[in-house]
Structure formats: structure tokens, C-alpha cells
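To start, the structure under review is shown below, and the notes come after it.
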Amino acid sequence: MANTADFKNGLVLKIDGKLQQIIEFQHVKPGKGPAFVRTKLKDVVSGKTVDKTFNAGVKVETATVDRRDMTYLYHDGTNYVLMDDKTFDQVELAEHLMGDGAKFLLENTVVQVSFHEGEPLFAELPVSVELRIEHTDPGLQGDRSTGGTKPATLETGAEIQVPLFLESGTLVKVDTRTGEYLSRVNS
């Protein structure tokens, strides 16, 4: 059991038999009336988000979640295969547990997987990854500094928008949450 004062982002609660992860929360102390905590919760299984308000000081049941670092090995077409770095056990995760950012994963990337009672709940990918541009059309002369973007295919097969001055073979940093180009990496 946890008190509302113990709330933090990432904490998994058991509410009405469902596992809900706190995405964000805010303690509110209005001028009149009692204090309360406004939260945004994400259903761990379905991925739906809901807003829920708790009175301050209320006890809420927490779920025991075991977070483990695992190495991404390969994608077999339907599942992602990961290996526990300590026990060398292999686990298969369905595509929906990995999320949209999985298209930016290279083999041997470390991913944090959360388990509840032995069942994998979800995977947390690195916030950014460094990938090489496999193919992109050459930029036009004069379009070297600022301005537009062009499509580029990365070494994982994912396609993103990059600045016009980048060429094939360039190493770039990509945000796995949004799929946006962040910067060029000097190698």
C-alpha cells in the first residue's frame, strides 16, 4: 500500500483489479477544501490513459513490478526476442509490448522490461539511439544550412525526416518516442 505522498512517475498501482501506471501527477492544495492529487494513469495492458483524482492521504494498493535490463536479440516477425543480462534467459515479447519505438532498435540494444508476477508488462526503450542513414536523396546545392527536410531510410529500415544537408552513411541521433531526428553524431 502506498500513500498519495508516495506517488511518483512510473509507479504501478492496482485499481479495480487493473494495473495502472502513473504517467504524471500533481498535488493540488486549493484555497478552500481539502488537498487532492490529480493523476494521469495509463492502463498497462490496454495502453489507454485516464485522468483520476485522489484525496490527499488516501492509501492505494501498489503492484510489485520487477524491472530488468535485457538485451534485444532479434525480431522473428511476430515477437521480439530479448535476453536477461544476468540469467541469460530468453523472453519473447509481443509487438504491442515493445511500442512504436521498436522500429529504431538495433540488435544488442539494452531495453528495460517490467514484469509483474513473472509476466512481461511493457518495455522501456532508450530515449534516443544512434543510427546510420542507409539511403537518402542528395540535398540540392544551396540547401545546406537551414530549411526543409527530406525522407531518409535508417539502417533498421525505419524512415524519418532529416535536414537537407545530411547524406547517406551519416550517423544520426533519433528520439525513439517521437521518431524525430535530434542531431548528427560526429564519429
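Fair warning: this is a prediction, and the values are worked out from it, not measured in the lab.
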Enter the distance from [X]:[atom1] to [Y]:[atom2] here, rounded to the nearest 0.5 Å.
X    : Y    : atom1 : atom2 : result
E167 : D137 : CD    : CG    : 12.0 Å
L106 : L154 : CG    : CG    : 9.5 Å
L73  : Q90  : CG    : CD    : 5.5 Å
R38  : T4   : CZ    : OG1   : 14.0 Å

Is there a donor-acceptor pair under 3.5 Å between the side chain of [X] and the backbone N or O of [Y]?
X    : Y    : result
K40  : D51  : no
T87  : D84  : no
S168 : T136 : yes

Among pairs that include at least one residue of residues 89-114, which meet salt bridge (Lys or Arg N to Asp or Glu O under 4.0 Å), considering only residues two or more places apart or in two chains?
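Matches after skipping sequence neighbours: none remain.
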Enumerate the ring-ring contact (aromatic ring centres under 6.0 Å, His included) contacts for residues 47-82, please, sequence neighbours excluded, ordered by first and then second residue.
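Output for this query lists F7-F54, Y72-Y80, H75-Y80.
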Pairs satisfying ring-ring contact (aromatic ring centres under 6.0 Å, His included), at least one member in residues 114-134, at least two apart
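Every pair satisfying ring-ring contact (aromatic ring centres under 6.0 Å, His included) with a residue in residues 114-134: there are none.
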Sub-4.5 Å side-chain heavy-atom contact between [X] and [Y]:
X    : Y    : value
M70  : V91  : yes
T39  : T53  : no
T71  : L82  : no
F104 : I160 : yes

Side chain to side chain donor-acceptor pair (under 3.5 Å) against [X], all qualifying residues, sequence neighbours excluded:
X    : value
R177 : D175
N9   : none
Q161 : T149

Contact summary for [X] and [Y], nearest pair of heavy atoms:
X    : Y    : answer
G101 : L125 : C-CD1, 3.3 Å
L166 : V172 : CD1-CG1, 3.8 Å
E159 : T153 : OE1-OG1, 3.7 Å
L93  : P120 : CD2-CB, 3.2 Å
A123 : V111 : CB-CG1, 3.8 Å
G57  : N3   : CA-OD1, 3.2 Å

Could you list the residues that satisfy salt bridge (charged side-chain N to carboxylate O under 4.0 Å, His left out) with [X], not counting sequence neighbours?
X   : value
D66 : R68
R67 : E124
D43 : none
D85 : none

If you look only at distance, which donor and acceptor atoms sit under 3.5 Å apart when one is on a side chain in residues 15-25 and the other is two or more places apart or in another chain?
none

Cluster check [X], [Y]: I/L/V/M/F/W/Y, side chain < 4.5 angstrom:
X    : Y    : result
M83  : V81  : yes
V60  : V12  : no
V44  : L97  : no
V174 : F165 : yes
V113 : L105 : yes

Please write out which residues are connected to V110 in a hydrophobic cluster, directly or through intermediates, given that two of Ile, Leu, Val, Met, Phe, Trp, Tyr count as joined at side-chain heavy-atom separations below 4.5 angstrom.
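For V110, no cluster forms, as it stays isolated from other hydrophobic side chains.
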